[in-house]
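Structure first, commentary second.
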Amino acid sequence: MAKELTPQAENYAQWYNDLVIKADMAENSAVRGSMVIKPYGYAIWEKMQAILDGMFKETGHENAYFPLFIPKSFFSKEASHVEGFAKECAIVTHYRLKNDPEKGIIVDPDAKLEEELIVRPTSETIIWDTYRKWVQSYRDLPILINQWANVVRWEMRTRLFLRTSEFLWQEGHTAHATRQEAVAEAEQMLRVYADFAENFMAMPVLTGVKSPNERFAGAVETYCIEALMQDGKALQAGTSHFLGQNFAKAFDVKFVNKENKQEYVWATSWGVSTRLIGALIMSHSDDNGLVLPPKLAPIQVVIVPIFRKEEELIAITEKVDGLIKDLKKKGISVKFDNRDTHKPGYKFAEWEMKGVPVRLAIGPRDLEKGTVEVARRDTLEKEVLQFIDIADKIENLLERIQKNIYQKALVFRDDNTFIVDTWEAFQDRIEKGGFVLAHWDGTPETEQKIKEETKATIRVIQPTAKPETGKCIYTGKPSPQRVVFAKSY
RNA sequence: CGGGGUAUAGCGUAGUCCGGUUAGCGCGCCUGCUUUGGGAGCAGGAGGUCGAGUGUUCGAAUCACUCUACCCCGACCA
(Lines give C-alpha, C1' and ligand atoms only; values in the text may rest on other atoms or scores of the structure.)
Protein backbone atom coordinates (compact mmCIF):
# COMPACT_ATOMS: atom_id res chain seq x y z
CA MET A 1 0.00 0.00 0.00
CA ALA A 2 3.00 2.22 -0.20
CA LYS A 3 1.98 3.71 -3.50
CA GLU A 4 -1.31 5.47 -2.96
CA LEU A 5 -1.97 8.69 -4.77
CA THR A 6 -3.62 11.69 -3.22
CA PRO A 7 -7.10 11.55 -4.83
CA GLN A 8 -7.70 14.07 -7.60
CA ALA A 9 -10.81 15.35 -5.88
CA GLU A 10 -8.88 16.10 -2.71
CA ASN A 11 -5.97 18.03 -4.23
CA TYR A 12 -5.35 17.91 -7.95
CA ALA A 13 -1.89 19.48 -7.80
CA GLN A 14 -0.79 17.01 -5.16
CA TRP A 15 -2.25 14.14 -7.16
CA TYR A 16 -0.22 15.25 -10.17
CA ASN A 17 2.97 15.45 -8.18
CA ASP A 18 2.40 12.07 -6.52
CA LEU A 19 1.72 10.49 -9.87
CA VAL A 20 4.87 11.76 -11.54
CA ILE A 21 6.93 10.40 -8.65
CA LYS A 22 5.10 7.12 -8.13
CA ALA A 23 4.83 6.23 -11.79
CA ASP A 24 8.59 6.65 -11.77
CA MET A 25 8.65 9.30 -14.48
CA ALA A 26 10.74 12.02 -12.87
CA GLU A 27 11.96 13.47 -9.61
CA ASN A 28 13.34 16.73 -8.34
CA SER A 29 17.07 17.06 -8.59
CA ALA A 30 19.68 18.69 -6.41
CA VAL A 31 19.33 21.80 -8.55
CA ARG A 32 16.34 23.95 -7.75
CA GLY A 33 13.70 23.77 -10.44
CA SER A 34 15.51 21.14 -12.49
CA MET A 35 14.25 17.61 -12.68
CA VAL A 36 15.74 14.22 -13.31
CA ILE A 37 13.71 12.51 -16.02
CA LYS A 38 13.75 8.84 -15.12
CA PRO A 39 13.82 6.03 -17.69
CA TYR A 40 10.05 5.53 -17.79
CA GLY A 41 9.35 9.23 -18.26
CA TYR A 42 12.13 9.53 -20.77
CA ALA A 43 10.75 6.57 -22.72
CA ILE A 44 7.50 8.50 -23.19
CA TRP A 45 9.49 11.49 -24.41
CA GLU A 46 11.39 9.25 -26.82
CA LYS A 47 8.11 7.99 -28.28
CA MET A 48 6.92 11.57 -28.70
CA GLN A 49 10.22 12.58 -30.27
CA ALA A 50 10.22 9.71 -32.73
CA ILE A 51 6.71 10.46 -33.95
CA LEU A 52 7.14 14.23 -34.15
CA ASP A 53 10.52 13.87 -35.78
CA GLY A 54 8.93 11.70 -38.46
CA MET A 55 6.21 14.29 -38.99
CA PHE A 56 8.74 17.10 -39.30
CA LYS A 57 10.75 15.16 -41.86
CA GLU A 58 7.58 14.26 -43.71
CA THR A 59 6.91 18.00 -44.07
CA GLY A 60 10.39 18.63 -45.45
CA HIS A 61 12.40 19.61 -42.39
CA GLU A 62 15.91 18.57 -41.43
CA ASN A 63 17.54 18.40 -38.03
CA ALA A 64 20.59 20.46 -37.08
CA TYR A 65 22.19 21.65 -33.88
CA PHE A 66 23.08 25.14 -32.69
CA PRO A 67 25.09 26.12 -29.60
CA LEU A 68 23.83 26.15 -26.03
CA PHE A 69 25.56 29.49 -25.40
CA ILE A 70 24.50 32.74 -26.97
CA PRO A 71 26.56 35.95 -26.81
CA LYS A 72 24.76 38.46 -24.63
CA SER A 73 24.84 41.12 -27.33
CA PHE A 74 22.65 38.98 -29.61
CA PHE A 75 19.76 39.44 -27.26
CA SER A 76 19.64 43.17 -27.52
CA LYS A 77 19.13 43.05 -31.27
CA GLU A 78 15.43 42.29 -31.27
CA ALA A 79 13.77 44.65 -28.80
CA SER A 80 10.62 42.78 -27.81
CA HIS A 81 12.53 39.49 -27.74
CA VAL A 82 14.90 40.83 -25.06
CA GLU A 83 12.02 42.16 -23.07
CA GLY A 84 10.32 38.79 -23.12
CA PHE A 85 13.28 36.74 -21.97
CA ALA A 86 15.59 39.09 -20.06
CA LYS A 87 14.07 38.31 -16.69
CA GLU A 88 14.63 34.58 -16.87
CA CYS A 89 18.10 34.08 -18.29
CA ALA A 90 20.99 32.10 -16.85
CA ILE A 91 24.28 33.83 -17.61
CA VAL A 92 27.78 32.46 -17.86
CA THR A 93 30.29 35.01 -16.63
CA HIS A 94 33.45 32.96 -15.95
CA TYR A 95 35.19 29.96 -17.40
CA ARG A 96 37.39 28.65 -14.59
CA LEU A 97 37.42 27.69 -10.94
CA LYS A 98 40.34 27.74 -8.57
CA ASN A 99 41.27 26.52 -5.14
CA ASP A 100 41.05 29.01 -2.32
CA PRO A 101 42.79 28.02 0.92
CA GLU A 102 39.93 29.45 2.98
CA LYS A 103 36.76 29.04 0.95
CA GLY A 104 37.57 25.88 -1.00
CA ILE A 105 36.67 25.99 -4.69
CA ILE A 106 35.85 29.49 -5.91
CA VAL A 107 35.20 31.18 -9.22
CA ASP A 108 38.51 32.46 -10.51
CA PRO A 109 38.08 36.24 -10.76
CA ASP A 110 40.82 36.32 -13.39
CA ALA A 111 38.74 34.11 -15.66
CA LYS A 112 36.01 36.60 -16.42
CA LEU A 113 34.56 36.42 -19.93
CA GLU A 114 34.94 39.46 -22.16
CA GLU A 115 31.34 39.05 -23.19
CA GLU A 116 28.95 37.09 -21.01
CA LEU A 117 27.15 34.12 -22.53
CA ILE A 118 23.46 33.47 -22.15
CA VAL A 119 22.33 29.89 -21.75
CA ARG A 120 19.70 29.73 -24.50
CA PRO A 121 16.11 30.25 -23.42
CA THR A 122 15.26 29.77 -27.13
CA SER A 123 17.51 29.91 -30.17
CA GLU A 124 16.10 32.51 -32.56
CA THR A 125 19.01 34.88 -32.06
CA ILE A 126 21.91 32.51 -32.59
CA ILE A 127 20.12 30.82 -35.45
CA TRP A 128 19.30 34.04 -37.26
CA ASP A 129 22.83 35.24 -36.76
CA THR A 130 23.87 32.03 -38.51
CA TYR A 131 21.25 32.20 -41.25
CA ARG A 132 22.71 35.54 -42.34
CA LYS A 133 25.70 33.62 -43.65
CA TRP A 134 23.60 31.02 -45.35
CA VAL A 135 21.31 33.22 -47.38
CA GLN A 136 22.19 35.36 -50.36
CA SER A 137 19.67 34.52 -53.05
CA TYR A 138 16.07 33.37 -53.24
CA ARG A 139 17.64 30.12 -54.42
CA ASP A 140 18.95 29.56 -50.86
CA LEU A 141 15.42 29.57 -49.52
CA PRO A 142 13.54 28.14 -47.85
CA ILE A 143 15.61 26.91 -44.91
CA LEU A 144 13.60 24.31 -43.03
CA ILE A 145 15.44 23.32 -39.89
CA ASN A 146 14.49 21.77 -36.59
CA GLN A 147 16.63 21.13 -33.55
CA TRP A 148 16.10 18.89 -30.56
CA ALA A 149 17.65 20.62 -27.60
CA ASN A 150 17.50 21.67 -24.00
CA VAL A 151 16.80 25.26 -23.02
CA VAL A 152 16.90 27.16 -19.74
CA ARG A 153 14.37 29.63 -18.45
CA TRP A 154 14.96 30.73 -14.89
CA GLU A 155 11.40 30.43 -13.66
CA MET A 156 10.38 31.63 -10.24
CA ARG A 157 8.20 28.63 -9.56
CA THR A 158 8.52 25.24 -11.15
CA ARG A 159 6.55 22.02 -11.44
CA LEU A 160 7.68 18.66 -12.74
CA PHE A 161 7.29 18.57 -16.54
CA LEU A 162 4.96 21.58 -16.64
CA ARG A 163 7.56 24.17 -15.84
CA THR A 164 11.17 23.39 -15.07
CA SER A 165 14.20 25.66 -15.25
CA GLU A 166 15.75 23.44 -17.85
CA PHE A 167 13.53 21.57 -20.25
CA LEU A 168 13.81 19.49 -23.38
CA TRP A 169 12.07 20.55 -26.54
CA GLN A 170 12.29 20.88 -30.24
CA GLU A 171 12.42 24.22 -31.97
CA GLY A 172 11.86 24.62 -35.67
CA HIS A 173 13.33 27.69 -37.34
CA THR A 174 12.48 28.36 -40.95
CA ALA A 175 13.37 31.09 -43.40
CA HIS A 176 11.28 31.98 -46.43
CA ALA A 177 11.25 34.28 -49.43
CA THR A 178 7.69 35.46 -48.99
CA ARG A 179 5.26 36.38 -46.29
CA GLN A 180 2.66 33.95 -47.62
CA GLU A 181 5.09 31.07 -47.58
CA ALA A 182 6.14 31.79 -43.99
CA VAL A 183 2.54 32.12 -42.83
CA ALA A 184 1.70 28.86 -44.59
CA GLU A 185 4.63 27.20 -42.80
CA ALA A 186 3.53 28.45 -39.39
CA GLU A 187 0.00 27.23 -40.08
CA GLN A 188 1.22 23.90 -41.37
CA MET A 189 3.22 23.26 -38.22
CA LEU A 190 0.24 24.17 -36.10
CA ARG A 191 -1.70 21.47 -37.93
CA VAL A 192 1.14 19.01 -37.31
CA TYR A 193 0.96 19.76 -33.60
CA ALA A 194 -2.82 19.46 -33.52
CA ASP A 195 -2.59 16.17 -35.40
CA PHE A 196 -0.02 14.87 -32.94
CA ALA A 197 -2.03 16.00 -29.91
CA GLU A 198 -5.28 14.49 -31.08
CA ASN A 199 -4.19 11.35 -32.88
CA PHE A 200 -1.27 10.28 -30.72
CA MET A 201 -1.75 11.92 -27.34
CA ALA A 202 -5.53 11.42 -27.63
CA MET A 203 -5.83 14.97 -26.38
CA PRO A 204 -8.35 17.24 -28.11
CA VAL A 205 -7.04 20.75 -28.73
CA LEU A 206 -8.39 24.09 -29.80
CA THR A 207 -6.35 25.81 -32.47
CA GLY A 208 -6.08 29.43 -33.39
CA VAL A 209 -4.00 32.48 -32.61
CA LYS A 210 -2.93 34.23 -29.44
CA SER A 211 -4.01 37.72 -28.50
CA PRO A 212 -1.24 40.36 -28.74
CA ASN A 213 -0.71 40.14 -24.96
CA GLU A 214 0.01 36.44 -25.11
CA ARG A 215 2.10 36.51 -28.26
CA PHE A 216 5.66 35.18 -28.31
CA ALA A 217 8.30 37.84 -27.76
CA GLY A 218 9.27 38.94 -31.27
CA ALA A 219 6.41 37.31 -33.17
CA VAL A 220 3.93 38.96 -35.51
CA GLU A 221 1.43 36.16 -34.98
CA THR A 222 1.48 33.27 -32.53
CA TYR A 223 -0.56 30.19 -33.38
CA CYS A 224 -1.23 27.70 -30.61
CA ILE A 225 -2.84 24.46 -29.61
CA GLU A 226 -4.66 24.76 -26.34
CA ALA A 227 -5.90 21.81 -24.27
CA LEU A 228 -8.17 21.57 -21.25
CA MET A 229 -6.85 19.69 -18.26
CA GLN A 230 -9.00 17.58 -15.93
CA ASP A 231 -9.05 20.28 -13.27
CA GLY A 232 -10.55 22.81 -15.67
CA LYS A 233 -7.37 24.74 -16.32
CA ALA A 234 -6.05 25.34 -19.82
CA LEU A 235 -2.62 24.28 -20.96
CA GLN A 236 -0.75 25.72 -23.90
CA ALA A 237 0.59 22.59 -25.50
CA GLY A 238 2.44 23.93 -28.51
CA THR A 239 3.05 27.16 -30.38
CA SER A 240 3.99 28.11 -33.91
CA HIS A 241 5.06 31.66 -34.64
CA PHE A 242 5.01 33.78 -37.74
CA LEU A 243 7.94 36.07 -37.01
CA GLY A 244 7.54 38.36 -40.01
CA GLN A 245 10.84 40.03 -40.85
CA ASN A 246 11.62 40.96 -37.25
CA PHE A 247 14.58 38.65 -36.82
CA ALA A 248 15.82 39.12 -40.37
CA LYS A 249 15.95 42.85 -39.74
CA ALA A 250 17.56 42.44 -36.34
CA PHE A 251 20.24 40.15 -37.75
CA ASP A 252 20.40 41.67 -41.20
CA VAL A 253 19.41 38.59 -43.14
CA LYS A 254 18.65 39.64 -46.69
CA PHE A 255 18.35 37.89 -50.01
CA VAL A 256 18.21 38.95 -53.63
CA ASN A 257 14.87 38.11 -55.19
CA LYS A 258 14.10 37.17 -58.79
CA GLU A 259 13.86 40.85 -59.68
CA ASN A 260 17.37 41.38 -58.35
CA LYS A 261 16.13 43.36 -55.37
CA GLN A 262 17.34 43.05 -51.76
CA GLU A 263 14.63 41.80 -49.39
CA TYR A 264 14.52 40.71 -45.78
CA VAL A 265 13.82 37.05 -45.15
CA TRP A 266 10.52 35.92 -43.61
CA ALA A 267 10.67 33.66 -40.58
CA THR A 268 8.81 31.17 -38.46
CA SER A 269 9.62 29.25 -35.31
CA TRP A 270 7.65 26.54 -33.59
CA GLY A 271 8.11 24.28 -30.60
CA VAL A 272 6.78 21.72 -28.21
CA SER A 273 8.46 20.59 -25.03
CA THR A 274 8.53 17.97 -22.30
CA ARG A 275 5.55 19.90 -21.00
CA LEU A 276 3.56 17.64 -23.32
CA ILE A 277 4.17 14.85 -20.83
CA GLY A 278 2.43 16.96 -18.19
CA ALA A 279 -0.41 17.54 -20.63
CA LEU A 280 -0.66 13.83 -21.30
CA ILE A 281 -0.86 13.06 -17.60
CA MET A 282 -3.52 15.67 -16.88
CA SER A 283 -5.65 14.63 -19.84
CA HIS A 284 -6.28 10.99 -19.06
CA SER A 285 -4.94 9.74 -15.75
CA ASP A 286 -6.92 8.80 -12.67
CA ASP A 287 -6.61 7.97 -8.98
CA ASN A 288 -5.04 4.62 -9.82
CA GLY A 289 -2.23 6.26 -11.73
CA LEU A 290 -1.18 7.06 -15.23
CA VAL A 291 -3.38 6.30 -18.23
CA LEU A 292 -1.39 6.30 -21.45
CA PRO A 293 -2.72 6.30 -24.99
CA PRO A 294 -1.47 3.09 -26.66
CA LYS A 295 0.33 5.06 -29.36
CA LEU A 296 2.62 6.69 -26.80
CA ALA A 297 2.91 3.94 -24.19
CA PRO A 298 6.49 2.65 -23.90
CA ILE A 299 4.98 -0.70 -22.97
CA GLN A 300 1.64 -1.38 -24.65
CA VAL A 301 0.98 -4.84 -23.29
CA VAL A 302 2.26 -6.40 -20.11
CA ILE A 303 1.92 -10.11 -19.45
CA VAL A 304 1.81 -11.17 -15.82
CA PRO A 305 2.31 -14.89 -15.28
CA ILE A 306 0.68 -16.39 -12.23
CA PHE A 307 2.65 -19.25 -10.85
CA ARG A 308 3.65 -21.04 -7.69
CA LYS A 309 6.27 -23.37 -8.96
CA GLU A 310 9.07 -23.14 -11.43
CA GLU A 311 7.34 -25.70 -13.71
CA GLU A 312 4.26 -23.53 -13.91
CA LEU A 313 6.30 -20.52 -15.00
CA ILE A 314 8.01 -22.65 -17.62
CA ALA A 315 4.66 -23.84 -18.95
CA ILE A 316 3.31 -20.28 -19.06
CA THR A 317 6.46 -19.01 -20.73
CA GLU A 318 6.10 -21.63 -23.43
CA LYS A 319 2.46 -20.70 -23.89
CA VAL A 320 3.05 -16.94 -24.25
CA ASP A 321 6.24 -17.18 -26.25
CA GLY A 322 4.40 -17.36 -29.58
CA LEU A 323 2.04 -14.58 -28.54
CA ILE A 324 4.95 -12.27 -27.71
CA LYS A 325 6.42 -12.94 -31.15
CA ASP A 326 3.06 -12.30 -32.83
CA LEU A 327 2.59 -9.02 -30.97
CA LYS A 328 6.09 -7.84 -31.78
CA LYS A 329 5.48 -8.70 -35.41
CA LYS A 330 2.52 -6.33 -35.29
CA GLY A 331 4.77 -3.61 -33.85
CA ILE A 332 3.22 -3.90 -30.42
CA SER A 333 5.60 -3.51 -27.49
CA VAL A 334 5.23 -6.25 -24.91
CA LYS A 335 6.71 -6.84 -21.51
CA PHE A 336 6.65 -10.30 -20.00
CA ASP A 337 6.91 -9.60 -16.30
CA ASN A 338 8.33 -12.89 -15.10
CA ARG A 339 9.99 -11.51 -12.00
CA ASP A 340 9.79 -13.96 -9.13
CA THR A 341 10.57 -11.23 -6.64
CA HIS A 342 7.07 -9.75 -6.68
CA LYS A 343 3.61 -11.22 -6.43
CA PRO A 344 0.94 -10.78 -9.11
CA GLY A 345 -1.08 -8.30 -7.06
CA TYR A 346 1.96 -6.08 -6.70
CA LYS A 347 2.60 -6.22 -10.43
CA PHE A 348 -1.01 -5.42 -11.28
CA ALA A 349 -0.84 -2.31 -9.14
CA GLU A 350 2.53 -1.29 -10.48
CA TRP A 351 1.58 -1.53 -14.15
CA GLU A 352 -1.66 0.23 -13.45
CA MET A 353 0.27 3.07 -11.87
CA LYS A 354 2.46 3.20 -14.95
CA GLY A 355 -0.50 3.31 -17.28
CA VAL A 356 0.20 0.25 -19.45
CA PRO A 357 -2.90 0.10 -21.70
CA VAL A 358 -3.43 -3.68 -21.72
CA ARG A 359 -2.52 -6.27 -19.13
CA LEU A 360 -2.73 -9.99 -19.64
CA ALA A 361 -2.76 -12.40 -16.72
CA ILE A 362 -2.20 -16.04 -17.36
CA GLY A 363 -1.96 -18.86 -14.83
CA PRO A 364 -2.44 -22.60 -14.48
CA ARG A 365 -6.22 -22.24 -14.68
CA ASP A 366 -5.91 -20.52 -18.06
CA LEU A 367 -3.48 -23.10 -19.36
CA GLU A 368 -6.06 -25.77 -18.59
CA LYS A 369 -8.91 -23.91 -20.25
CA GLY A 370 -7.01 -22.23 -23.07
CA THR A 371 -7.91 -18.75 -21.84
CA VAL A 372 -6.26 -15.53 -20.75
CA GLU A 373 -7.44 -12.64 -18.59
CA VAL A 374 -7.36 -9.33 -20.42
CA ALA A 375 -7.56 -6.09 -18.44
CA ARG A 376 -7.70 -2.63 -19.99
CA ARG A 377 -6.26 0.33 -18.14
CA ASP A 378 -8.62 3.02 -19.40
CA THR A 379 -11.83 1.45 -18.09
CA LEU A 380 -10.27 -1.00 -15.59
CA GLU A 381 -12.48 -3.71 -17.11
CA LYS A 382 -11.34 -7.32 -17.10
CA GLU A 383 -12.53 -10.20 -19.21
CA VAL A 384 -11.42 -13.75 -19.80
CA LEU A 385 -10.85 -14.47 -23.49
CA GLN A 386 -10.02 -17.58 -25.47
CA PHE A 387 -6.30 -17.66 -26.21
CA ILE A 388 -6.99 -18.31 -29.89
CA ASP A 389 -6.31 -15.29 -32.11
CA ILE A 390 -5.44 -13.31 -29.01
CA ALA A 391 -2.83 -11.16 -30.78
CA ASP A 392 -5.47 -9.88 -33.20
CA LYS A 393 -7.87 -9.23 -30.36
CA ILE A 394 -5.22 -7.25 -28.52
CA GLU A 395 -4.32 -5.22 -31.58
CA ASN A 396 -7.96 -4.38 -31.98
CA LEU A 397 -8.34 -3.56 -28.29
CA LEU A 398 -5.40 -1.16 -28.37
CA GLU A 399 -7.08 0.74 -31.18
CA ARG A 400 -10.33 0.88 -29.22
CA ILE A 401 -8.51 2.17 -26.13
CA GLN A 402 -6.79 4.88 -28.16
CA LYS A 403 -10.17 6.03 -29.49
CA ASN A 404 -11.92 5.71 -26.17
CA ILE A 405 -9.58 7.91 -24.19
CA TYR A 406 -9.69 10.55 -26.91
CA GLN A 407 -13.48 10.40 -26.88
CA LYS A 408 -13.56 10.65 -23.11
CA ALA A 409 -11.28 13.70 -23.15
CA LEU A 410 -13.36 15.26 -25.91
CA VAL A 411 -16.60 14.80 -23.99
CA PHE A 412 -14.94 16.27 -20.92
CA ARG A 413 -13.81 19.31 -22.86
CA ASP A 414 -17.21 19.83 -24.45
CA ASP A 415 -18.91 19.47 -21.08
CA ASN A 416 -16.55 22.10 -19.73
CA THR A 417 -16.85 24.65 -22.50
CA PHE A 418 -19.30 27.42 -21.80
CA ILE A 419 -20.82 30.32 -23.65
CA VAL A 420 -21.19 33.31 -21.41
CA ASP A 421 -22.67 36.75 -22.04
CA THR A 422 -22.63 38.64 -18.76
CA TRP A 423 -19.73 39.73 -16.58
CA GLU A 424 -21.25 38.09 -13.50
CA ALA A 425 -21.70 34.76 -15.26
CA PHE A 426 -18.17 35.09 -16.63
CA GLN A 427 -16.58 35.59 -13.21
CA ASP A 428 -18.58 32.73 -11.77
CA ARG A 429 -17.76 30.37 -14.63
CA ILE A 430 -14.05 31.20 -14.73
CA GLU A 431 -13.83 30.51 -11.04
CA LYS A 432 -15.23 27.01 -11.56
CA GLY A 433 -12.90 26.22 -14.45
CA GLY A 434 -13.25 25.29 -18.10
CA PHE A 435 -13.11 27.09 -21.42
CA VAL A 436 -15.31 30.16 -21.49
CA LEU A 437 -16.37 31.60 -24.83
CA ALA A 438 -17.08 35.28 -24.47
CA HIS A 439 -16.99 38.49 -26.41
CA TRP A 440 -14.02 40.82 -26.06
CA ASP A 441 -13.55 44.30 -27.44
CA GLY A 442 -10.17 43.41 -28.90
CA THR A 443 -8.03 45.71 -26.77
CA PRO A 444 -5.01 44.63 -24.71
CA GLU A 445 -6.19 46.90 -21.90
CA THR A 446 -9.46 45.03 -21.49
CA GLU A 447 -7.70 41.68 -21.61
CA GLN A 448 -5.29 42.90 -18.93
CA LYS A 449 -8.11 44.08 -16.68
CA ILE A 450 -9.96 40.81 -17.05
CA LYS A 451 -6.76 39.00 -16.13
CA GLU A 452 -6.27 41.14 -13.06
CA GLU A 453 -9.81 40.62 -11.85
CA THR A 454 -10.30 36.95 -12.65
CA LYS A 455 -6.85 35.50 -13.44
CA ALA A 456 -8.29 34.37 -16.75
CA THR A 457 -6.48 35.03 -20.00
CA ILE A 458 -7.44 34.66 -23.62
CA ARG A 459 -6.13 31.24 -24.46
CA VAL A 460 -6.91 31.22 -28.12
CA ILE A 461 -8.78 33.13 -30.78
CA GLN A 462 -10.23 30.53 -33.08
CA PRO A 463 -10.61 31.09 -36.80
CA THR A 464 -14.21 32.03 -37.40
CA ALA A 465 -16.33 30.13 -39.84
CA LYS A 466 -19.33 32.28 -38.99
CA PRO A 467 -18.56 35.59 -37.32
CA GLU A 468 -20.87 36.31 -34.40
CA THR A 469 -20.87 39.91 -33.34
CA GLY A 470 -21.71 40.90 -29.79
CA LYS A 471 -20.77 43.09 -26.86
CA CYS A 472 -17.58 42.82 -24.84
CA ILE A 473 -18.16 40.99 -21.59
CA TYR A 474 -16.21 43.64 -19.68
CA THR A 475 -16.63 46.99 -21.46
CA GLY A 476 -19.80 46.41 -23.48
CA LYS A 477 -18.06 47.68 -26.59
CA PRO A 478 -18.70 45.93 -29.90
CA SER A 479 -16.93 42.64 -30.50
CA PRO A 480 -16.53 40.82 -33.82
CA GLN A 481 -16.33 37.32 -32.35
CA ARG A 482 -16.12 35.22 -29.24
CA VAL A 483 -12.69 34.28 -27.89
CA VAL A 484 -11.72 31.49 -25.52
CA PHE A 485 -10.93 32.49 -21.94
CA ALA A 486 -9.63 30.24 -19.17
CA LYS A 487 -7.34 30.10 -16.22
CA SER A 488 -4.19 28.40 -17.33
CA TYR A 489 -1.06 26.61 -16.26
C1' C B 1 11.79 39.54 -4.76
C1' G B 2 7.49 40.14 -0.74
C1' G B 3 4.42 36.95 2.95
C1' G B 4 4.07 32.12 5.51
C1' G B 5 6.17 27.36 6.68
C1' U B 6 9.50 23.13 6.95
C1' A B 7 14.39 20.61 7.67
C1' U B 8 15.12 13.90 12.33
C1' A B 9 17.39 6.55 8.31
C1' G B 10 15.98 5.65 1.11
C1' C B 11 10.62 7.71 1.91
C1' G B 12 6.84 9.36 5.49
C1' U B 13 7.01 10.91 10.41
C1' A B 14 7.04 11.09 16.60
C1' G B 15 9.91 13.64 20.00
C1' U B 16 11.20 20.27 20.15
C1' C B 17 6.72 24.22 23.65
C1' C B 18 8.88 22.34 29.24
C1' G B 19 17.13 20.35 27.71
C1' G B 20 18.48 14.62 30.99
C1' U B 21 20.19 7.12 29.73
C1' U B 22 20.76 3.56 23.91
C1' A B 23 16.22 9.33 19.30
C1' G B 24 10.71 5.99 18.70
C1' C B 25 7.20 4.31 14.84
C1' G B 26 5.29 2.97 9.69
C1' C B 27 6.77 1.89 4.67
C1' G B 28 10.93 0.32 2.07
C1' C B 29 15.69 -2.64 2.44
C1' C B 30 18.56 -7.54 3.93
C1' U B 31 18.27 -13.03 5.73
C1' G B 32 15.25 -17.43 6.55
C1' C B 33 10.74 -20.25 6.32
C1' U B 34 5.79 -20.35 4.59
C1' U B 35 3.27 -17.95 0.39
C1' U B 36 1.93 -16.39 -5.09
C1' G B 37 -5.56 -15.34 -9.62
C1' G B 38 -5.41 -7.65 -6.75
C1' G B 39 -0.07 -4.28 -3.35
C1' A B 40 1.54 -11.65 1.38
C1' G B 41 2.56 -13.62 6.69
C1' C B 42 5.84 -14.72 10.59
C1' A B 43 10.75 -14.49 12.77
C1' G B 44 15.36 -12.17 12.81
C1' G B 45 18.53 -8.03 11.06
C1' A B 46 20.97 -3.58 8.91
C1' G B 47 20.41 1.50 8.46
C1' G B 48 20.79 8.29 11.99
C1' U B 49 27.28 13.69 11.81
C1' C B 50 18.68 14.99 14.25
C1' G B 51 20.12 20.73 7.37
C1' A B 52 25.15 23.64 8.51
C1' G B 53 27.84 26.72 11.90
C1' U B 54 28.49 29.38 16.46
C1' G B 55 26.94 30.08 21.35
C1' U B 56 24.38 28.99 26.39
C1' U B 57 24.79 24.62 29.71
C1' C B 58 27.51 19.55 33.79
C1' G B 59 24.45 17.94 29.55
C1' A B 60 21.38 20.25 23.17
C1' A B 61 17.24 17.00 18.07
C1' U B 62 15.14 20.27 22.03
C1' C B 63 17.20 27.00 24.07
C1' A B 64 19.66 31.61 21.39
C1' C B 65 22.01 33.74 17.12
C1' U B 66 23.78 33.28 12.00
C1' C B 67 23.62 30.76 7.46
C1' U B 68 21.75 27.29 3.76
C1' A B 69 18.20 24.43 1.27
C1' C B 70 13.37 23.10 0.16
C1' C B 71 7.86 23.69 0.20
C1' C B 72 3.29 26.75 -0.02
C1' C B 73 0.86 31.69 -1.36
C1' G B 74 1.72 36.17 -4.62
C1' A B 75 4.20 38.88 -9.02
C1' C B 76 6.76 36.16 -13.91
C1' C B 77 6.17 32.08 -17.43
C1' A B 78 6.33 26.81 -22.54
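The chains referred to below are lettered A, B, ... by the order of the sequence lines, with proteins before strands, and numbering in each begins at 1. The shown structure was predicted, so the numbers you read here are calculated from the model rather than taken from an experiment.
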Residue set satisfying ring pair (Phe, Tyr, Trp, His ring centres under 6.0 Å) with A/W270, at least two apart, ordered chain then number -> A/F56, A/H61
Hits for salt bridge (charged side-chain N to carboxylate O under 4.0 Å, His left out) against A/R413, two or more places apart or cross-chain, chain-then-number order -> none
With the criterion being N/O to N/O and under 3.5 Å, what pairs connect the protein with nucleotides 40-46 of chain B, and how long is each?
{"from": "B/A40", "atom 1": "O4'", "to": "A/K343", "atom 2": "NZ", "distance (Å)": "3.3"}

Note: contacts of residues 364-390 of chain A with RNA chain B (heavy atom, under 4.0 Å) are A/P364, A/R365, A/D366, A/E373, A/K382
A/R191 meets the salt bridge (charged side-chain N to carboxylate O under 4.0 Å, His left out) criterion, sequence neighbours left out, with none
Residues 195-204 of chain A vs salt bridge (charged side-chain N to carboxylate O under 4.0 Å, His left out), sequence neighbours excluded, gives none
Across all chains, not counting sequence neighbours, the ring pair (Phe, Tyr, Trp, His ring centres under 6.0 Å) partners of A/W169 are A/F167
Sorted by chain and number, sequence neighbours left out, ring pair (Phe, Tyr, Trp, His ring centres under 6.0 Å) with A/Y131 holds for A/W128, A/W134
Stems field, RNA chain B, Watson-Crick or wobble, 3.5 Å, at least 3 pairs, by first number, holds B:1-7 with B:68-74, B:10-13 with B:24-27, B:29-34 with B:40-45, B:51-55 with B:63-67
Applying ring pair (Phe, Tyr, Trp, His ring centres under 6.0 Å) to A/F485 and not counting sequence neighbours gives A/F426
Expected list for residues 295-316 of chain A near RNA chain B, using heavy atoms below 4.0 Å, is A/I306, A/F307, A/R308
Contacts satisfying salt bridge (charged side-chain N to carboxylate O under 4.0 Å, His left out) that involve residues 270-286 of chain A (not counting sequence neighbours) are A/D286-A/R377
